[in-house]
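Please read the structure below before turning to the comments.
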Amino acid sequence: RRHGVEVRAVDVLQSAWDCALEQPQEQYSAPNGWALQTQPAIRLGLRMVSGLQKEVAERICAARENGPFTSTQDLALRCGLDAGDLKALASADALISLSGHRRQQVWQASALRAQPPLLRQAYAAEEDLDLPEAAEGEEVVWDYAALGLSLRSHPLALLRPRLARLGYRNAQELRAWRSGQSAQACGLVTVRQRPQTAKGVLFISLEDESGSVQVIVWPDVYAAFRRTILVARLLAVQGQWQFENGVRNLIARRVQDLTPLLGRLGKDVGSRDFH
């Protein structure tokens, strides 16, 4: 998305098992009205949905070829979905085209029950319950739990007011920092790397809502904060900003584990570690 690529959500009316490229929407330039073609968009696949089996996704795709689904109940009947399948799809917000926002999806998925053989193809006439939408933070937590990512707000965007009060800057703000200045950054740990050729130096990538901050941890700092560095999912770093030959790094002096600020999200975000 930072490179201008549109990423579209998982949707039972659109998604295949694998993620796929889709045609972009035509954009028109005024005043001549010519259509401007942009690069393809990425549609997230049903494989992203935690707990959904490939065989179930294939049944959904096959049934969809005979016509779009008209409701969650229609989807369940035509594809032979059980309560677990529907819950997985609803948790991932993949039923939004059929049931509305996620709370409505979960409610409708939970309300559907297996019918006796005589009524298996019958539609139950049940009045919909009008539920309020979830707050943005709750939606993001659901996304990470069900998909491992979110197309909504970045978790750090939700925490930014609190982090700003503590003096932590995001990646975009730090780009304006002068080399040698003291700096503080906080982000999700996405990569920890300690190459054998680096003589004990550890490199950490911190991701926030505006980009990434590359952190260098010298061996003495690593020894002093080893456990925090290895277990933190939301890591705060205090140190010195370095800008040389177009490369920006934060040289760590002290670190702090702020993972508790993520709440339930803390267990669903992870990093790629190479040692």
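- No donor-acceptor distance shorter than 3.5 angstrom exists from the side chain of Glu133 to the backbone of Arg103, with no hydrogens or angles considered.
- Both the sub-6.0 Å distance and the 45° axial angle are satisfied by Arg194 relative to the ring of Tyr222.
- Contact of the Leu98 side chain with the Ser71 side chain is not registered, since no non-hydrogen atoms from C-beta on lie closer than 4.5 Å.
- With respect to Glu209, the salt bridge (Lys or Arg N to Asp or Glu O under 4.0 Å) criterion is satisfied by exactly one of Arg160, Arg152, Arg1: Arg160.
- Between the CD1 atom of Ile229 and the CD atom of Gln256 there is a distance of 13.0 Å, given to the nearest 0.5 Å.
- Between Glu173 and Arg175, no side-chain nitrogen of the basic residue sits less than 4.0 Å from a carboxylate oxygen of the acidic one, so the salt-bridge criterion is not met.
- Under the 4.5 Å side-chain heavy-atom criterion for grouping Ile, Leu, Val, Met, Phe, Trp and Tyr, Ile216 is not connected to Val221 through any hydrophobic cluster.
- Asn249 places no side-chain N or O within 3.5 Å of a backbone atom of Ile251 that could act as its donor or acceptor partner.
- Using modelled atom types and a 3.5 Å distance limit, the side chains of Ser99 and Gln108 yield a donor-acceptor pair.
- Residues Val5 and Leu147 do not share a hydrophobic cluster, defined by chaining ILVMFWY side chains whose heavy atoms lie under 4.5 Å apart.
- The pair Arg43-Asp18 does not meet the salt-bridge criterion, since no charged nitrogen lies less than 4.0 angstrom from a carboxylate oxygen.
- Using a cutoff of 4.0 Å between basic side-chain nitrogens and carboxylate oxygens, Arg102 and Asp143 are scored as salt-bridged.
- Looking at heavy atoms from C-beta onward, Val213 lies in side-chain contact with Trp241 at the 4.5 angstrom threshold.
- Side-chain contact between Val10 and Asp93: absent, with no pair of heavy atoms (C-beta onward) separated by less than 4.5 Å.
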**Report entry** Chi angles and distances behind the side chain to side chain contact (heavy atoms under 4.5 Å, CB included) call for Asn66, Arg78
**Finding:** CA-CA 10 Å; Asn66 297 322; Arg78 288 169 55 186; 4.2 Å; yes
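- Interatomic distance, CD of Gln73 versus CG of Leu86, reported as 10.0 Å (0.5 Å rounding).
- When side chains are defined from C-beta on, Trp142 counts as touching Ser91, because their heavy atoms get closer than 4.5 Å.
- Residues Leu44 and Leu151 have side chains in contact (heavy-atom distance under 4.5 Å, counting atoms from C-beta outward).
- Judged purely by distance below 3.5 Å, without hydrogens or angles, the side chains of Ser205 and Ser212 never pair a donor atom with an acceptor atom.
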Requested in this report: Applying side chain to side chain contact (heavy atoms under 4.5 Å, CB included), run through Gln214 and Phe203 and close with a yes or a no.
Outcome: CA-CA 7 Å; Gln214 305 306 318; Phe203 301 93; over 6 Å; no
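- Taken together through direct or relayed side-chain contacts under 4.5 Å among Ile, Leu, Val, Met, Phe, Trp and Tyr, Val56 and Leu95 form part of one hydrophobic cluster.
- Taking 4.5 Å as the limit, every side-chain heavy atom of Phe243 sits out of range of all side-chain heavy atoms of Arg178.
- The cluster map of Ile, Leu, Val, Met, Phe, Trp and Tyr, joined by side-chain heavy atoms under 4.5 Å apart, puts Val189 and Phe225 in the same cluster.
- A donor atom on one side chain and an acceptor atom on the other are found under 3.5 Å apart for Ser97 and Asp11.
- Between Tyr168 and Leu258, the closest side-chain pair of non-hydrogen atoms falls below 4.5 Å.
- One finds a salt bridge joining Arg8 and Glu22 here, because a Lys/Arg side-chain nitrogen approaches an Asp/Glu carboxylate oxygen to under 4.0 Å.
- Panel note: side chain Asp208, backbone Ser210; a donor-acceptor pair is recorded below 3.5 Å.
- Rounded to the nearest 0.5 Å, atoms CD1 (Ile60) and OG (Ser15) are 9.5 Å apart.
- Here the straight-line distance linking atom OG1 of Thr190 with atom CD1 of Ile204 works out to 10.0 Å at 0.5 Å rounding.
- Side-chain heavy atoms closer than 4.5 Å link hydrophobic residues (I, L, V, M, F, W, Y) into clusters, and following such links, possibly through other members, connects Val12 to Val7.
- Rounding to the nearest 0.5 angstrom, the gap separating the CD atom in Glu207 from the CG atom in Asn170 is 12.5 Å.
- By the 4.5 Å heavy-atom criterion applied to side chains, Arg253 and Gln240 are counted as neighbours.
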